[in-house]
Colleague: 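Pasting a structure below so you can have a look.
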Protein chains: 2
Amino acid sequence: MDPKINFYLVLVHYPVYNKRGKVVASSITNLDIHDLSRLVRTYNGKGLIMVTPLKSQQAMIERITSHWKSGFGAIYNPNRDEALKLVSVVPYLEDCIAFIEQKEGKAPVLVATSARELQGRKISYRELGKRILEGNRPYAIILGTGWGLADEVIEKCHYILDPIKGLGNYNHLSVRCAAAIIVDRLLSWRERDEG
Amino acid sequence: MDPKINFYLVLVHYPVYNKRGKVVASSITNLDIHDLSRLVRTYNGKGLIMVTPLKSQQAMIERITSHWKSGFGAIYNPNRDEALKLVSVVPYLEDCIAFIEQKEGKAPVLVATSARELQGRKISYRELGKRILEGNRPYAIILGTGWGLADEVIEKCHYILDPIKGLGNYNHLSVRCAAAIIVDRLLSWRERDEG
């Protein structure tokens, strides 16, 4: 087993904005759990933390992960098991911070991501990636669902990453695609430098 | 409107392998259409081409795209419209080649992607990205669903891209996440070079 990289992906379902700019709890998307846990596993991260205070949504996540972790699914497709055992559920961001701190013995550095240009303490992908790979502290890469993280989450973060802009004026990646690009930009720059 | 980048994403549902290594037609996944069309739009590509010979699956794609292109969805969420109008459906890879040739006046350069290490004419992400940005010919970036592109597809391709490896021994990204990383690696290296 390769040594793990000390980062967590955090997918926030509350508090996030809806289309009208109101703070809501968004619904869980089944494929987010599969795609993002496999992403974390591929880049050898510590975990995927789903944040939702809704009991019914928490139960849904448990159902999905336990099917693949222990049921028929674990035998049919062990690769999913390996990814899904990295998934945890917590009600609020504070619980997420406490969860990581308990596991790692240090509070995580909180990093906000957004499709919008935000004011705050910017850090480049390369610089943040270097710090994550140094491994001195756990890093929580925080992604919003719906129309993005509420300001109250962003204000709690230590750093803000630039939006993924692509090559035009359109900036509406799915959270699955955005997360994949963000993690790859953070952690594969050594490989990229070589071509 | 920025000038478009001359690439197409091609998502192949037949011929692909299933879990047991048999050639099959895989099912369409709703979110692939949404995620990959938004990815193509974000990187200013020419189109997303879904390859499936199954009539019922073709009809399903038409239903999903027309809901957002012309129905209630187009008014509710115009961003989806802008992405989904890039989606086309063809029965076979040959039709995909003909479709691009007709649109662009030149046959596309076919580029295979795979989670497995393949034998063939390798090209680096950076070199391929440079050629795509030169804009002299259309490029088709071909992705498999299920357990990957059948050999008969790969043999028709002019180039093969290395698998996305991440940072460990686990190599099972979803096609949505893999496609996002591939397109970003191809087309955002100038931005990356600057940090």
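Protein chains get the first letters and strands the later ones, always in sequence-line order, with residue 1 at the start of each.
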Colleague: Roughly how far, to the nearest 0.5 Å, is OH of A/Y170 from CG of B/N44?
Modeller: 11.5 Å
Colleague: Tell me whether A/E152 at atom CD has more than 12 heavy atoms from other residues, nucleotides or ligands lying less than 6.0 Å away.
Modeller: yes
Colleague: Is there a path of hydrophobic side-chain contacts, each under 4.5 Å between heavy atoms of I/L/V/M/F/W/Y residues, joining A/I182 to A/V175?
Modeller: yes
Colleague: Provide the closest heavy-atom pair for A/A180 versus B/A180 in the form atom of the first, atom of the second, distance.
Modeller: CB-CB, 4.3 Å
Colleague: In Å, rounded to the nearest 0.5 Å, how long is the span from CG of B/L31 to CG of A/D35?
Modeller: 8.0 Å
Colleague: To the nearest 0.5 Å, how far apart are NE2 in A/H34 and CZ in B/R176?
Modeller: 9.5 Å
Colleague: Are the side chains of A/Y43 and B/I164 in touch, meaning some heavy atoms are under 4.5 Å apart?
Modeller: yes
Colleague: Which residue in the set B/L173, B/L167, B/I181 passes side chain to side chain contact (heavy atoms under 4.5 Å, CB included) when paired with A/T42?
Modeller: B/L173
Colleague: Please check if A/I49 and A/V89 belong to a single hydrophobic cluster, counting links between Ile, Leu, Val, Met, Phe, Trp and Tyr side chain heavy atoms closer than 4.5 Å.
Modeller: no
Colleague: With a 4.5 angstrom heavy-atom cut-off, which part of B/S37 approaches chain A: side chain, backbone, both or neither?
Modeller: neither
Colleague: Which bit of B/L39 is near chain A, if near means a heavy-atom gap under 4.5 Å: side chain, backbone, both or neither?
Modeller: both
Colleague: When you group the ILVMFWY residues by side-chain heavy-atom contacts below 4.5 Å and let the links chain together, are B/I64 and B/L11 in the same group?
Modeller: yes
Colleague: Is it the case that atom NZ in B/K156 sees more than 12 heavy atoms from other parts of the structure closer than 6.0 Å?
Modeller: yes
Colleague: Treating Ile, Leu, Val, Met, Phe, Trp and Tyr as nodes and any side-chain heavy-atom pair under 4.5 angstrom as an edge, say whether B/L48 and B/L84 lie in one connected cluster.
Modeller: yes
Colleague: Enter the distance from A/E82:CD to B/N169:CG here, rounded to the nearest 0.5 Å.
Modeller: 6.5 Å
Colleague: When you group the ILVMFWY residues by side-chain heavy-atom contacts below 4.5 Å and let the links chain together, are B/L149 and B/I97 in the same group?
Modeller: yes
